[in-house]
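Contents: one structure, followed by commentary.
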Amino acid sequence: MSHPAADDAHHHSDVSGGWLRAAVFGAMDGLVTNIALIAGVGGGGVAPRDILLTGSAGLVAGAISMGLGEFTSVRAQNEQVAAEVLRERQELQRYPEAEAAELARIWQERGVPADLALEVATILGRNPDAAVRVHAQEELGVDPVDVPSPWTAAISSFVCFSLGALVPLLPYLLGAASLPVALGAGGAGLFVAGALVARFTRRPWWSAGAWQLLLGAAAAGATYLIGHLIGVSV
């Protein structure tokens, strides 16, 4: 860059909001779950129509489960953060000197001179809202005014799981009722998804894609073998 990144107000990616983790988790889970599910029933020797029915049911059930799970977990986390922030606000109202001293100790451990740390912490305490936010960040590791949205997480997870789970079903929906083709489509989806995630993590795209493909292949191989063994025994 030709200028310091600090001069740019938007030089960091948005790492809050709750959508990225839910979207990545949903897409990967949808891909791996349905690839493994299709491989398992396909390895058991069932008809293509039954594979399509099983995969479609897995898509719907999994998407609903992921969406509800994300909404519940993020909301529970936010409620816990709110309870801790309320407790911190009450402590600041009752014992401002003790809270200022506690914050100063944290800064001293990071190399700030004791007198300066206590002076800044005391001045900060005169602004209750700012004090609560800083105390929450330093003591709890959270920003109380920038928590993830349960609805954003739920919708991201639901949509991305559905899209991921749809990929290995596409050959059957398009008339190419072939297990190898479906698994190949799923493998391509895993590689592309891993490569796209690398855009946010700054990892090499080919490495991230290959890693996701390897994980998916392991899951599909295991379920195919189990399905084949059960199919043969039955």
Side-chain angles (χ1 to χ4, degrees), residues 1-29 65-161 194 196-205 207-208 211:
M1 298 180 64
S2 59
H3 63 280
D7 292 343
D8 186 356
H10 303 287
H11 64 280
H12 286 297
S13 301
D14 180 15
V15 295
S16 60
W19 70 270
L20 179 57
R21 183 197 62 82
V24 171
F25 183 40
M28 294 303 178
D29 196 18
S65 176
M66 287 291 293
L68 290 176
E70 282 291 339
F71 181 86
T72 302
S73 63
V74 173
R75 186 175 66 174
Q77 179 182 352
N78 288 352
E79 289 174 350
Q80 182 184 25
V81 169
E84 292 297 323
V85 169
L86 176 60
R87 179 182 177 185
E88 190 65 34
R89 184 181 294 275
Q90 293 171 343
E91 289 293 306
L92 281 165
Q93 292 173 347
R94 295 172 183 171
Y95 312 108
E97 295 83 4
E99 288 295 313
E102 181 184 19
L103 184 59
R105 284 195 299 270
I106 295 175
W107 288 340
Q108 290 173 44
E109 294 174 357
R110 299 179 182 177
V112 179
D115 293 342
L116 178 59
L118 182 58
E119 180 182 1
V120 174
T122 302
I123 295 173
L124 179 67
R126 299 170 187 168
N127 185 336
D129 291 334
V132 168
R133 184 173 184 178
V134 173
H135 277 266
Q137 290 173 323
E138 296 291 355
E139 298 178 32
L140 305 175
V142 297
D143 187 344
V145 300
D146 193 17
V147 294
S149 165
W151 284 106
T152 299
I155 294 172
S156 298
S157 182
F158 179 90
V159 171
C160 291
F161 183 99
L196 289 175
V197 171
R199 177 178 178 273
F200 299 97
T201 62
R202 309 301 175 111
R203 289 176 56 194
W205 65 268
S207 174
W211 176 246

Handout entry: Enclosure of Gln80 CD (heavy-atom neighbours >12, cutoff 6.0 Å)
Key =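 Count not over threshold, so no.
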Is atom CH2 of Trp205 surrounded by more than 12 heavy atoms (other residues, nucleotides or ligands) closer than 6.0 Å?
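No.
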Considering all heavy atoms, the nearest [X]-[Y] contact:
X	Y	result
Arg203	Ser207	NH2-OG, 3.7 Å
Val85	Ala136	CG2-CB, 4.3 Å
Gly194	Ala208	O-CB, 3.2 Å
Pro150	Asn78	CD-ND2, 3.8 Å
Gly67	Ala154	O-CB, 3.3 Å

Practice problem: Check step by step if side-chain contact (heavy atoms from CB on, under 4.5 Å) holds for Arg89 and Asp129. | Solution: CA-CA 8 Å; Arg89 184 181 294 275; Asp129 291 334; 3.3 Å; yes
Practice problem: With sequence neighbours left out, write down each residue that passes ring pair (Phe, Tyr, Trp, His ring centres under 6.0 Å) with Trp151, or none if nothing qualifies. | Solution: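 Residues passing ring pair (Phe, Tyr, Trp, His ring centres under 6.0 Å) with Trp151: Phe71.
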Side chain to side chain, [X] and [Y], heavy atoms closer than 4.5 Å:
X	Y	answer
Leu140	His135	no
Phe158	Glu70	no
Val142	Glu84	no

Quiz item: Between the side chain of Ser157 and the main-chain N/O of Ala153, is any donor-acceptor distance below 3.5 Å?
Solution: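 A pair under 3.5 Å: no.
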Problem set entry | Heavy-atom donor-acceptor pair, Asp29 side chain to Phe161 backbone, under 3.5 Å |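 Pair absent, no side-chain N/O of Asp29 close to backbone of Phe161.
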Euclidean distance, [Y] [atom2] relative to [X] [atom1], rounded to 0.5 Å:
X	Y	atom1	atom2	result
Glu99	Gln90	CD	CD	11.5 Å
Cys160	Ile155	SG	CD1	11.5 Å
Leu92	Glu97	CG	CD	11.0 Å
Leu103	Thr122	CG	OG1	9.0 Å

| said: The test is side-chain contact (heavy atoms from CB on, under 4.5 Å); show your working for Glu102 and Glu139 and say whether it passes. | reply: CA-CA 9 Å; Glu102 181 184 19; Glu139 298 178 32; 3.4 Å; yes
Check the pair Asp115 / Glu119 against side-chain contact (heavy atoms from CB on, under 4.5 Å), numbers first and verdict last. CA-CA 6 Å; Asp115 293 342; Glu119 180 182 1; over 6 Å; no
Residue pair Phe25, Met66: steps toward the side-chain contact (heavy atoms from CB on, under 4.5 Å) verdict: CA-CA 9 Å; Phe25 183 40; Met66 287 291 293; 3.5 Å; yes
